[in-house]
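When a residue number appears, it is its place in the shown sequence, counting from 1.
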Amino acid sequence: MFARSSGVLLHPTSLPGGRLGDEAHRFVDWLARAGQSWWQILPLGPPDEHGSPYRAASAFAGWPGLLADPDAAVSVAELASFVARHPYWTGEWAAFAGGSALADQVRFEREWSALRDYAARRDVRLIGDIPIYVAPGSADHAAHPELFQEGAVAGAPPDDWSATGQLWGNPLYDWRAARESGYRWWIERFRRTFELVDAARIDHFRGFVAYWSVPAEERTALHGHWRPGPGRELFDVVRRELGELPLIAEDLGVITPAVYRLRDELGLPGMAVLHFILGNRGDPLQMPENRIAYTGTHDNDTSAAWWNQAAPPVRERAVRAAARAGIAEDEPSWLLLRLALVTPARVAIVPVQDLLGLGSEARMNTPGKERGNWRFRLEPGQLDEALAARLRAATESAGRAGARR
């Protein structure tokens, strides 16, 4: 499903203009010159009031705030064609968002399709992100109340991120109702996802095996409990209708053998994050091939900041692993970057902040912190030709370079 390759994690809101259009096309050009095969993004739906794309107003609609030309003309014929091609969700979105909601979706499709086609011609593919949950009060929650539970909300148990867990507050699915509906909402959600991207990460994959249910009146996630998810049945139903899908399982957090079994039964690559592997005394050079290697994710601090905070034995472990791989690098973020590239993992993804060696001021998200996230943005010219050449050299040395354009 995934050949040996690499890419960069950068949400479109982090482009210099924070939108699609010319800046997005220039980033694709930069990726191609840097030998990269993938551009990984975060969810594309309309974010919440704090900018979180993981609490979007729709699991199907694109965010008009990304449009380079939000006032572009849309004809009646274009609207009719769009609705005819997307009958499942467009009526619900129009009822929820009103006004020019559907015209905005035509504009989004126009700009996004142009970007995806442009990337494909340069051998750059797009990795999207499927949040497991929808936002409370979202279009999906409002249109399909029968698919959601009452009296409990989503979260995560205590872990390395938080001693009291994470109280996300998203509505939980009623999996019995989903099964009785033939998982139609999920089929259509996956269908929509792969209209927009070439591969996708399934956020909180472990929730399909068992999910953390928190009583709605609780102020933290500490007193939640595990409840069973749909397991393989959901994916089998989706595959019967849509075929095999290039998915990545986000298998981080409190993971059980049952989660790994489902991941492996489905043949999905899991995520291997160097910050976690090194912090847990692991050897990144020994990870299985069926993995997507990351220095860190959008939820991690940058690698430069992580290095400064890591205990000396952890840093020494990274240096020793790099030395075994023939890597001599003084810059901590690039030591981890090159280490990710040389791992056996099929794909290596590096956040753009690590390419630039940025510190905590450039962190994208701090889990459990409501404000101050999702604000990172590149400055014009930060991704220059020297950096592209440096990344291409490291990528070629690791046997991952994409086609030259």
For residues 19-27, which side-chain donor-acceptor pairs fall under 3.5 Å, sequence neighbours excluded?
from: R19; atom 1: NH1; to: G65; atom 2: O; distance (Å): 3.3
from: R19; atom 1: NH1; to: L67; atom 2: O; distance (Å): 2.7
from: E23; atom 1: OE2; to: R26; atom 2: NH2; distance (Å): 3.3

Answer yes if the ring centres of F208 and W186 are under 6.0 angstrom apart, and no otherwise.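 Centroid separation for F208 and W186: below 6.0 Å.
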Do the two ring centres, one from W89 and one from W185, sit under 6.0 Å apart?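 Not under 6.0 Å, so no.
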Look at the side chain of [X] and the backbone N and O of [Y], then say whether any donor-acceptor pair between them is shorter than 3.5 Å.
X    : Y    : value
R122 : V28  : no
Q105 : G62  : yes
E111 : A68  : yes
S14  : F376 : yes
R390 : E385 : no
R201 : I130 : no

Nearest 0.5 angstrom please: S333 OG to L356 CG, how far?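 It comes to 8.5 Å.
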Mind checking whether [X] and [Y] have side chains closer than 4.5 Å, heavy atoms only?
X    : Y    : answer
N373 : M364 : no
V134 : N170 : no
L126 : I41  : no

Residues [X] and [Y]: side-chain donor-acceptor under 3.5 angstrom:
X    : Y    : value
W38  : S5   : yes
T395 : Q36  : yes
H11  : Q40  : no
T295 : H275 : no
T193 : R189 : no
E92  : H144 : yes

With a cut-off of 3.5 Å and sequence neighbours excluded, list every side-chain donor-acceptor pair involving residues 146-153.
from: Q149; atom 1: OE1; to: R227; atom 2: NH1; distance (Å): 3.2
from: Q149; atom 1: NE2; to: Y173; atom 2: O; distance (Å): 2.8
from: Q149; atom 1: NE2; to: Y211; atom 2: OH; distance (Å): 2.8

Please identify each residue that fulfils salt bridge (Lys or Arg N to Asp or Glu O under 4.0 Å) with [X], with sequence neighbours left out.
X    : value
D264 : none
R291 : none
R179 : E233

What verdict does the ring-ring contact (aromatic ring centres under 6.0 Å, His included) test give for Y133 and Y54, after you've listed the backbone C-alpha separation in whole Å, the side-chain angles of each residue and the deciding distance to 0.1 Å? CA-CA 8 Å; Y133 295 123; Y54 292 92; over 10 Å; no
I need the minimum non-hydrogen distance between W212 and L222, along with the two atoms involved.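 Looks like CZ2-O, 4.0 Å.
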So, for W175 and P228, which heavy atoms are closest and what is the spacing to 0.1 Å?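 W175 and P228 have their closest heavy atoms at CD1-O, 4.1 Å.
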Charged tip of R110 within 45° of F108 ring normal and under 6.0 Å: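 Because its charged atom misses either the 6.0 Å distance or the 45° angle limit, R110 does not stack over F108.
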Not counting sequence neighbours, list each pair that qualifies as a ring-ring contact (aromatic ring centres under 6.0 Å, His included) and has a residue in residues 237-261.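 Checked against ring-ring contact (aromatic ring centres under 6.0 Å, His included) - neighbours excluded - no pair reaches residues 237-261.
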For H50, I'd like to know if atom NE2 has over 12 heavy atoms of other residues, nucleotides or ligands within 6.0 Å.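 Count over threshold, so yes.
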